[in-house]
Amino acid sequence: MRFALHRVLLAVLVVGNAVAFAGVDPVARLATAALALVLLYDLREIPEIPKPLRVAVWIFLGLLFVQLLPLPGGLRSILQPGFSSFIESGWRPLSLAPWATVQAAASAVTAAAIVLVTMRIAATRTGLPALLGLFAVTCGVLALLGLAGESGAPEKVLLLRDNTGGGDAYGPYVNSNHFALGIELCLPAALVLLAVSLRNVRLPGAARQRAAVTGLAAAVIASVACAAMLRSGSRGGVLFLAAGLLLTTPLWFGPRSAVRWRWLPAALAVLTATVVLAWSRLHDLRDGFSALFVLEGAGGNTRWDIWAATWRLFERSPIVGSGLGSYRHVIGLDKPATGTAVLEHAHNDWLEWLATAGLPGGVALALLVMVLTSVLWPSSVRRLRFEIRYALAGAAAALVVAGLHECIGFGLQTPLNRYLLAVWIGLVLGVGLRVDRGRRRENENAAPPIDEAAAEDEVDRALDQSGTETETEKGTGS
């Protein structure tokens with residue numbers, strides 16, 4: 001029971017936030033923090049973390065300590081020269097919004113707990129299908145809530161919660177672009193399950209039945225999710241999902257395998273169902289692409305204007321930043337509000353991170369990207385068994401899509417999207433740990449290295465030959 005507790009709690013955390021308005025309310029955040037603490041307590045041992053990532057964690061912790069440490073005004077003026085004319089005398093923290101920095105630290109602890117627990121699950125044999133199933137279920141829940149609440153009142157979220165975000169709410173989100181990012185982070189898992197099922201459907205007996213059922217469910221979830229995203233009207237969601245899937249396409253194929261087209265009918269079926277379900281809203285999406293870089297309702301505030309102001313904010317304090325979570329409190333120094341519009345986000349999460357975390361935060365983020373890239377490097381991924389290769393390809397697609405989308409958005413400010421991203425990061429690190437352990441065992445046994453992709457091709461050819469022989473025997477008997 002203890003072994004399965006962390007899996008149940010993680011599922012409750014993710015799916016619960018998907019239903020509870022993407023976790024934006026204080027009650028949901030508090031409940032999530034409590035679940036994260038229980039997950040950390042249940043964590044019997046910390047998984048093996050790559051050295052560069054450990055360095056990134058220590059840099060981040062040191063940055064938080066420095067930003068919250070009370071320092072004299074003179075020293076603060078040296079570390080934050082661009083804020084020297086606004087710095088009050090006396091001993092005060094470097095963060096210009098200390099309470100916001102404390103909240104950002106609490107969010108980081110929650111995300112770290114999710115990453116560690118996901119690593120623990122993904123490093124096991126049965127953990128990878130469980131995590132992919134969790135993503136698929138979450139994807140289905142989000143899509144159904146989006147379609148069900150589509151005709152509701154615009155001032156309400158799912159006809160229950162006030163739309164305090166002021167944007168175009170869709171599904172459980174107060175912003176349709178954040179809904180699209182949630183779908184982008186979940187959809188690759190459904191595609192992975194569909195791809196694995198197409199491979200396993202040729203197996204005999206009960207394995208074929210399980211593969212058929214799983215493949216059908218994954219295809220339905222993928223179709224409904226894509227249709228919901230199209231109907232939400234998110235231009236960036238459609239653009240970056242297509243770009244991310246295209247960029248990560250090579251990861252789905254082995255190094256020696258010829259191009260196989262058995263996935264084409266399933267892909268066409270998913271695409272056809274998506275177009276049919278979203279047809280009545282496609283014209284709205286088409287009309288919106290022309291204004292992709294303009295912020296509706298904020299006259300004079302294009303994304304270019306906000307990005308330039310955010311860069312000037314970074315230049316004010318490149319060494320330590322303005323303080324994690326402080327962006328909305330300090331951006332007015334470089335980009336005053338226009339009319340009734342009040343800026344709270346940079347519409348570029350990576351640029352906002354750099355402005356509030358400074359160069360140390362940029363280094364920590366670069367180290368994380370480096371570790372993930374080393375696990376997802378194509379030459380390594382393509383030599384793995386198809387079950388693992390497809391999962392890592394799906395993870396790469398989700399991470400690339402999220403990285404691209406957040407260059408023009410702030411969807412990771414929504415708690416649920418942060419949790420989904422943390423699960424993917426933990427999955428990649430956990431699978432990388434599992435693969436490394438397997439390679440170390442092979443080296444210890446002094447066995448010749450196994451080319452998993454070549455062995456996989458042999459199995460495929462054997463299955464195809466078996467199917468051909470069976471059809472020939474049937475024809476002869478008749």
Side-chain angles (χ1 to χ4, degrees), residues 22 50 52-53 56 60 104 107-108 111-112 114-115 118 135 139 173 175 177-189 191-192 225 229 234-252 292-293 303-304 306-307 310-311 314 324 327 345-357 359 361-378 380-381 391-429 431-432:
L53 190 55
F60 177 75
S107 298
I114 294 174
V115 170
T118 307
F135 271 120
C139 186
Y173 290 79
N175 187 303
N177 290 315
H178 297 189
F179 170 84
L181 179 61
I183 293 294
E184 291 165 0
L185 286 168
C186 295
L187 179 61
L191 298 180
V192 171
M229 188 176 66
S234 174
R235 302 149 296 182
V238 176
L239 177 64
F240 296 126
L241 178 62
L245 292 176
L246 180 63
L247 290 173
T248 57
T249 297
L251 295 177
W252 297 82
L292 184 60
F293 288 91
R303 283 182 168 87
W304 303 112
I306 297 175
W307 295 342
T310 304
W311 181 256
F314 164 73
L324 294 173
Y327 183 85
H345 303 288
H347 289 264
N348 184 323
D349 274 342
W350 316 125
L351 191 57
E352 181 175 333
W353 171 264
L354 190 63
T356 57
L359 291 176
V363 171
L365 181 60
L367 289 173
L368 173 61
V369 172
M370 184 181 73
V371 171
L372 295 175
T373 302
S374 66
V375 179
L376 298 173
W377 197 252
S380 299
V381 172
L392 290 180
L399 295 175
V400 169
V401 170
L404 293 175
H405 199 159
E406 292 314 278
C407 288
I408 65 166
F410 56 100
L412 291 180
Q413 304 292 338
T414 299
L416 175 59
N417 292 344
R418 286 200 302 271
Y419 306 151
L420 293 173
L421 182 66
V423 174
W424 277 120
I425 292 174
L427 184 148
V428 172
L429 297 176
V431 172

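When reading the values below, keep in mind they use all heavy atoms of this one structure, side chains included, and skip hydrogens, waters and symmetry mates.
Take A225 and apply the side chain to side chain contact (heavy atoms under 4.5 Å, CB included) test, not counting sequence neighbours, and it matches C139, A143, I183, L187. Remark: W350 pairs with no residue by the side chain to side chain donor-acceptor pair (under 3.5 Å) rule, at least two apart or across chains. By the ring-ring contact (aromatic ring centres under 6.0 Å, His included) test, W252 is found to be paired with Y390, residues two or more places apart in sequence or in another chain being considered. For T310, the side chain to side chain donor-acceptor pair (under 3.5 Å) test picks out Y327, with sequence neighbours left out. Partners of W311 under the ring-ring contact (aromatic ring centres under 6.0 Å, His included) rule, at least two apart in sequence or in another chain, are F314. T414 is linked by a side chain to side chain donor-acceptor pair (under 3.5 Å) to H178, counting only residues two or more places apart in sequence or in another chain. With sequence neighbours left out, the side chain to side chain donor-acceptor pair (under 3.5 Å) criterion links D349 to Q413.
Here the side chains of L181 and Y173 are not in contact, with every heavy-atom distance at 4.5 Å or above.
Note: H347 and F410 have perpendicular aromatic rings, judged against thresholds of 30 and 60 degrees for the angle between ring planes.
For the residue pair C186 and L420, the shortest heavy atom distance occurs at SG-CD1, 3.7 Å. The shortest heavy-atom contact between S107 and R418 is OG-NH2, 3.7 Å. The two residues A189 and F135 come nearest to each other via the heavy atoms CB-CB, 3.2 Å. Shown here for N177 and S234, the closest heavy-atom pair between the two residues is OD1-OG, 2.9 Å.
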Under 3.5 Å, which donor-acceptor pairs link side chains of residues 391-406 to any protein atom two or more places apart or in another chain?
residue: H405; atom: ND1; partner: E184; partner atom: OE1; Å: 3.0
residue: H405; atom: ND1; partner: E184; partner atom: OE2; Å: 3.2
residue: E406; atom: OE1; partner: G411; partner atom: N; Å: 2.7
residue: E406; atom: OE1; partner: L412; partner atom: N; Å: 3.0
residue: E406; atom: OE2; partner: G411; partner atom: N; Å: 3.4

Would you give me the side-chain donor-acceptor pairs under 3.5 Å for residues 366-376, sequence neighbours excluded?
residue: T373; atom: OG1; partner: V369; partner atom: O; Å: 2.7
residue: S374; atom: OG; partner: V371; partner atom: O; Å: 2.5

Q.
side-chain contact (heavy atoms from CB on, under 4.5 Å), that's the test. Do F240 and I408 meet it? Break it down for me.
A. CA-CA 10 Å; F240 296 126; I408 65 166; 3.4 Å; yes
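Distance check, rounded to the nearest 0.5 Å: CG of L185 to CG of L241 gives 10.5 Å.
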